[in-house]
**Student:** 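One structure coming up, written as structure tokens, with questions to follow.
Owing to the predicted nature of the structure, the values given are computational and were not obtained by experimental measurement. Here is how names work: the chains are called A, B, and so on, in the same order as the sequence lines, proteins then strands, and each is numbered from 1.
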Number of protein chains: 2
Amino acid sequence: MMKNYFKSVIPETTLRRMVYYTRCLNSFKNEGVKLIQSEDIAKKCGVKSSVVRKDLSYFGEFGVRGKGYDVESLLSTINGITNTFGKMNAALIGVGKLGSAIIKHSTENFNVKIIAAFDKDKKKINKEIGETKVYSVKDIENIIKKYKIKIAIIAIPPSDVQEIVDILVKAGIKAILSLALIPLNVPDDVEVSFVDVLSEVEFLFYKLSLRRNI
Amino acid sequence: MMKNYFKSVIPETTLRRMVYYTRCLNSFKNEGVKLIQSEDIAKKCGVKSSVVRKDLSYFGEFGVRGKGYDVESLLSTINGITNTFGKMNAALIGVGKLGSAIIKHSTENFNVKIIAAFDKDKKKINKEIGETKVYSVKDIENIIKKYKIKIAIIAIPPSDVQEIVDILVKAGIKAILSLALIPLNVPDDVEVSFVDVLSEVEFLFYKLSLRRNI
DNA sequence: TATACTATGTGCTTGTGATAACAAGAGCAA
DNA sequence: TTGCTCTTGTTATCACAAGCACATAGTATA
Ligand SMILES: NC(=O)c1ccc[n+]([C@@H]2O[C@H](COP(=O)([O-])OP(=O)(O)OC[C@H]3O[C@@H](n4cnc5c(N)ncnc54)[C@H](O)[C@@H]3O)[C@@H](O)[C@H]2O)c1
Ligand SMILES: NC(=O)c1ccc[n+]([C@@H]2O[C@H](COP(=O)([O-])OP(=O)(O)OC[C@H]3O[C@@H](n4cnc5c(N)ncnc54)[C@H](O)[C@@H]3O)[C@@H](O)[C@H]2O)c1
């Protein structure tokens, strides 16, 4: 039987769901659950069980037929594949309202850890929020290189974003999550993605209004 | 020639892009640009021009062959179709760090307007943030009904979310955007969507790590 | 009025993801 | 061992979205 280890390409949708599966598995683990079925994961994540099995099968065979999946071993297998081992260190630029909300949020979430934050406001520099220290933007390159950080979250006003992006790329950042909705100029090997609450709300407005019109 | 007004179903992907198209059009309008081509929109939104034309064609024929689209009339046509006319009033629950960042963000964005915010903290109630007044959670039903608000954003701790969701649904809310990552229990006619910065960051970690392994 | 030109709108192909249905494998009991 | 049950892993099918490529319909110019 051909094993699917690292099939040429894994669908982005699958990768997105993997995030939810690991959360779900962690939550089962914390409840002391040892063994689960694809159906259990599916219910908790709001997808179909066949989707769960298909997704996992992109990486290999981890279950036991007739039984299910061992929670702990499935978790550590996924951690091994993604090389993250549950510890994902990221940087954050802009310790304003939004930035500090994200830092606090990350302390409640056991996966992503913001290990360094940056701001240009002297009043904020050298403060600590939980375990996260706030540095000057001048130190971005030093700190990013020192801690070998590969992913950064940007939560500053749009006008300054590209300038900061250039610094981040120079420092070796390989993926950027921007909360400002302006196009970013980056080399091909740097992943960029955007998150915006209000765009999502607008989308919901469109969806509602068209629903009535059909 | 059959006009496509309200073709049976419009793809979700199209609807998501419509949000970006309208922003793009507004930005062109503000720059004083009168006439544009699908190529212009495409470049600004990072998609292909054929996608733009296909998307618009789901709603009808708005362009002039050999010329392009009239910015202003295309905008008002879309506003007419979506019945939003550029004014999208939403409510927000939880005026903490995240909530107040979103309210501020909405003042910088000319589309979605947070016309009412709610909190349970007495110190925050009756304050005003920009033009947004903060009410007590006890007033949710009254205010939502009074202003006929159909969409709500939830930015409170996960533990209290379902309780608030029930109140919102009872008050007539038809779409909920939650920033807490717990499954919501709602009737079938209520749309639910989630936004989470850290899930997106985890996804980027997975993407990066698998990129190296292929 | 004719001709060249330009960008739209759309039919069609291609690729990708979702879903269902089923075969295969593991455990268990007699 | 044989047969039964249970859940995985996989295959085959369906649905949908992306993108090409061109006919179409409008403008501009002479
Ligand atoms: N995508 C979303 O869903 C979303 C939601 C809310 C806000 N936003 C956006 O996020 C940004 C921040 O919002 P906020 O409410 O936290 O604003 P804020 O004013 O509270 O905070 C901004 C912070 O960034 C710092 N800063 C500014 N320029 C900087 C620079 N060049 N280098 C380093 N630090 C810099 C400031 O000192 C401040 O601490 C805004 O532009 C807003 O539009 C996006
Ligand atoms: N999805 C994301 O990207 C994201 C990012 C950051 C934070 N969060 C989540 O958003 C939530 C809020 O974060 P924050 O940093 O603003 O926290 P916060 O403590 O600053 O604010 C929470 C606010 O909600 C109010 N509140 C609490 N319970 C309430 C209730 N039952 N009814 C009405 N109001 C209530 C509080 O009074 C407070 O004003 C947290 O649970 C956090 O995990 C999500």
Side-chain angles (χ1 to χ4, degrees), chain A residues 1-18 20-21 25 28 33-71 73-74 77-78 81 203 207 210 214, chain B residues 1-21 25 28 33-71 73-74 77-78 81 203 207 210:
Chain A
M1 276 313 116
M2 238 280 277
K3 284 238 176 181
N4 284 336
Y5 271 99
F6 306 129
K7 230 182 198 172
S8 55
V9 173
I10 289 155
E12 288 229 344
T13 46
T14 294
L15 235 41
R16 280 218 146 74
R17 284 189 295 265
M18 292 307 288
Y20 295 100
Y21 299 161
L25 288 168
F28 276 125
V33 180
K34 299 286 180 209
L35 188 81
I36 47 154
Q37 274 100 52
S38 57
E39 186 63 37
D40 302 326
I41 304 180
K43 277 231 183 75
K44 203 147 182 171
C45 298
V47 298
K48 307 217 169 191
S49 63
S50 60
V51 172
V52 174
R53 294 198 298 275
K54 186 86 188 273
D55 285 341
L56 292 176
S57 79
Y58 282 111
F59 300 97
E61 302 187 7
F62 311 123
V64 180
R65 294 176 192 217
K67 245 180 127 190
Y69 302 86
D70 180 87
V71 174
S73 91
L74 182 53
T77 306
I78 295 176
I81 292 168
F203 166 69
K207 216 168 161 182
L210 289 178
I214 288 169
Chain B
M1 277 309 118
M2 236 281 279
K3 283 240 176 181
N4 284 337
Y5 270 99
F6 307 129
K7 232 182 197 173
S8 56
V9 174
I10 288 152
E12 288 231 346
T13 46
T14 294
L15 235 40
R16 279 220 145 72
R17 283 191 294 266
M18 292 307 287
V19 174
Y20 295 100
Y21 299 161
L25 288 168
F28 276 126
V33 180
K34 298 284 180 211
L35 188 82
I36 47 155
Q37 275 99 51
S38 57
E39 187 63 37
D40 303 325
I41 304 180
K43 277 231 182 75
K44 203 147 182 171
C45 298
V47 298
K48 306 220 168 190
S49 62
S50 60
V51 172
V52 174
R53 293 197 300 276
K54 221 343 167 357
D55 284 341
L56 292 176
S57 80
Y58 283 109
F59 301 97
E61 303 187 8
F62 311 121
V64 180
R65 296 178 191 214
K67 239 181 133 189
Y69 303 86
D70 180 86
V71 174
S73 90
L74 183 52
T77 307
I78 295 176
I81 292 168
F203 165 70
K207 215 167 162 184
L210 288 178

**Student:** For K48(A) and for E12(A), find the nucleotide of DNA chain C with the closest heavy atom, then tell me which residue's nucleotide is more 5'.
**Tutor:** E12(A)
**Student:** Please report the shortest heavy-atom distance between K207(B) and L15(A), naming the atom on each side.
**Tutor:** CA-CD2, 3.9 Å
**Student:** With hydrogens left out and only the distance checked, is there a donor-acceptor pair under 3.5 Å joining R65(B)'s side chain and the base of dT24(D)?
**Tutor:** yes
**Student:** I want to check one thing: is the phosphate of dT8(D), taken as OP1 and OP2, less than 4.0 Å away from some side-chain N or O of S38(A)?
**Tutor:** yes
**Student:** If only side-chain N and O atoms of T13(B) are considered, is one of them under 4.0 Å from the OP1 or OP2 phosphate oxygen of dA18(D)?
**Tutor:** yes
**Student:** To the nearest Å, how far apart are K43(A) NZ and dT7(D) C1'?
**Tutor:** 14 Å
**Student:** Tell me whether Q37(A) contacts the main-chain N or O of Y69(A) through its side chain, where contact means a donor paired with an acceptor under 3.5 Å.
**Tutor:** no
**Student:** Rounded to whole angstrom units, what separation is found between the CG atom of D55(A) and the P atom of dG9(D)?
**Tutor:** 12 Å
**Student:** Would the number of heavy atoms belonging to other residues, nucleotides or ligands and lying under 6.0 Å from NZ of K44(B) be above 12?
**Tutor:** yes
**Student:** With nearest nucleotide decided by heavy atoms, which residue, G63(B) or V51(A), maps closer to the 5′ end of DNA chain C?
**Tutor:** G63(B)
**Student:** Within this structure, what is the NZ-to-C1' distance between K67(B) and dT24(D), rounded to whole angstrom?
**Tutor:** 17 Å
**Student:** Considering every strand and a 4.0 Å limit on heavy-atom distances, what is the contact class for T14(B): base, sugar-phosphate, or nothing?
**Tutor:** nothing
**Student:** Let me know the distance between CZ of R17(B) and C1' of dC16(D), rounded to the nearest Å.
**Tutor:** 12 Å
**Student:** E61(B) CD to dA23(D) C1': how many Å, rounded?
**Tutor:** 13 Å
**Student:** Roughly, in whole Å, what's the span from CD1 in I10(B) to C1' in dA17(D)?
**Tutor:** 14 Å
**Student:** Using a 4.0 Å heavy-atom cut-off across all strands, classify S49(A) as base, sugar-phosphate, or nothing.
**Tutor:** nothing
**Student:** Is a donor-acceptor pair below 3.5 Å formed from side chain K54(B) to base dG19(D), judging by atom type as modelled?
**Tutor:** yes
**Student:** For the CG atom of L210(B) and the OH atom of Y58(A), what is their distance to the nearest 0.5 Å?
**Tutor:** 13.0 Å
**Student:** Round to the nearest Å and state the distance from L35(B) atom CG to dG26(D) atom P.
**Tutor:** 15 Å
**Student:** Roughly how far, to the nearest 0.5 Å, is the CG atom of D55(B) from the CZ atom of R16(B)?
**Tutor:** 13.0 Å
**Student:** Tell me: CZ of R16(B) to P of dA18(D), nearest whole Å?
**Tutor:** 12 Å
**Student:** Under 4.0 Å between a side-chain N or O of Y69(B) and OP1 or OP2 of dG26(D)?
**Tutor:** no
**Student:** Is the shortest side-chain N/O distance from R53(B) to OP1 or OP2 of dT8(C) below 4.0 Å?
**Tutor:** yes
